[in-house]
*Asks:* 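Have a look at this one before I ask anything.
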Amino acid sequence: MPALTPTNAWLVLLVAGLCEIGWAIGLKYTEGFTRFVPSAWTLAAMAASVVLLAWALKTLPVGTAYAVWTGIGAVGTALLGMALFNESREVARLVCIGLIVAGILGLKLVTK
């Protein structure tokens, strides 16, 4: 895969993070990888997430890209956990999620 422009690398990293959310949520539906279709989708999302991260790393610094990738995954998974699985919506939890988002945005703003 060719190196990307910085803007395209950030977009690829965003999609990689969305794929990470997909596989993290997908794990819940695989029931320990005993259900074929959810397992197949989860494994595909895992592979796509890592491949896209690797592609973005051709352009972006590894520390920043990895932190943003995991941050997107953590925030999205936590929010979907609340929406899909009725997980806690305590104010302190939402504030912590907001802090992760602030960190992601901060890293994006200070990275060339």
Side-chain angles (χ1 to χ4, degrees):
M1 290 183 276
L4 300 163
T5 66
T7 300
N8 286 340
W10 283 106
L11 290 173
V12 167
L13 186 63
L14 173 65
V15 175
L18 295 175
C19 290
E20 184 182 4
I21 296 167
W23 73 256
I25 293 296
L27 285 173
K28 186 82 166 174
Y29 293 102
T30 68
E31 294 180 14
F33 290 100
T34 60
R35 298 179 61 214
F36 177 75
V37 173
S39 296
W41 280 107
T42 299
L43 291 170
M46 284 178 177
S49 182
V50 171
V51 167
L52 292 171
L53 172 62
W55 192 16
L57 287 176
K58 288 186 165 195
T59 303
L60 301 174
V62 68
T64 299
Y66 183 77
V68 169
W69 177 70
T70 58
I72 292 168
V75 168
T77 302
L79 293 176
L80 281 176
M82 292 177 206
L84 298 174
F85 308 121
N86 202 31
E87 293 177 1
S88 169
R89 294 173 177 84
E90 293 179 33
V91 172
R93 188 170 190 210
L94 295 172
V95 168
C96 291
I97 290 170
L99 291 171
I100 295 170
V101 171
I104 292 169
L105 293 174
L107 285 171
K108 167 62 175 98
L109 291 174
V110 300
T111 302
K112 296 178 182 183

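Sequential numbering from 1 along the given sequence is applied to the chain's residues. As the structure is a computational prediction, the values presented were derived from the model and not from experiment.
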*Asks:* Which residues pass the side-chain contact (heavy atoms from CB on, under 4.5 Å) test with L107, sequence neighbours left out?
*Replies:* T64, A67, V68
*Asks:* If I compare all heavy atoms of P2 with all of W55, which pair ends up nearest, and what's the gap?
*Replies:* O-NE1, 2.5 Å
*Asks:* Can you list everything that forms a side chain to side chain donor-acceptor pair (under 3.5 Å) with R93? Sequence neighbours excluded, please.
*Replies:* E87
*Asks:* Within a reach of under 6.0 Å around CH2 of W10, are more than 12 heavy atoms found that belong to other residues, nucleotides or ligands?
*Replies:* yes
*Asks:* Which distance, rounded to the nearest 0.5 Å, do you find between the CG of L52 and the CD of E20?
*Replies:* 12.0 Å
*Asks:* In Å, rounded to the nearest 0.5 Å, how long is the span from CG of L99 to CG of L94?
*Replies:* 11.0 Å
*Asks:* Within this structure, what is the CG-CZ distance for the pair L27 and F33, rounded to the nearest 0.5 Å?
*Replies:* 5.0 Å
*Asks:* Run the side chain to side chain donor-acceptor pair (under 3.5 Å) test against T34 and tell me which residues pass, sequence neighbours left out.
*Replies:* none
*Asks:* To the nearest 0.5 Å, tell me how far L57 CG sits from Y66 OH.
*Replies:* 11.0 Å
*Asks:* Do M82 and I97 make a side-chain contact, defined as non-hydrogen atoms from C-beta onward lying under 4.5 Å apart?
*Replies:* yes
*Asks:* From K58 NZ over to L53 CG, what is the distance, rounded to the nearest 0.5 angstrom?
*Replies:* 13.0 Å
*Asks:* Does CZ belonging to F85 count more than 12 external heavy atoms closer than 6.0 Å?
*Replies:* yes
*Asks:* What closest approach, in Å, do A9 and T59 show between heavy atoms, and which atom pair accounts for it?
*Replies:* CB-CB, 3.7 Å
*Asks:* Counting only N and O atoms by type, is there a donor-acceptor contact under 3.5 Å from the side chain of S39 to the main-chain atoms of R35?
*Replies:* yes
*Asks:* To the nearest 0.5 Å, what is the distance between CD1 on I72 and OG1 on T77?
*Replies:* 11.0 Å
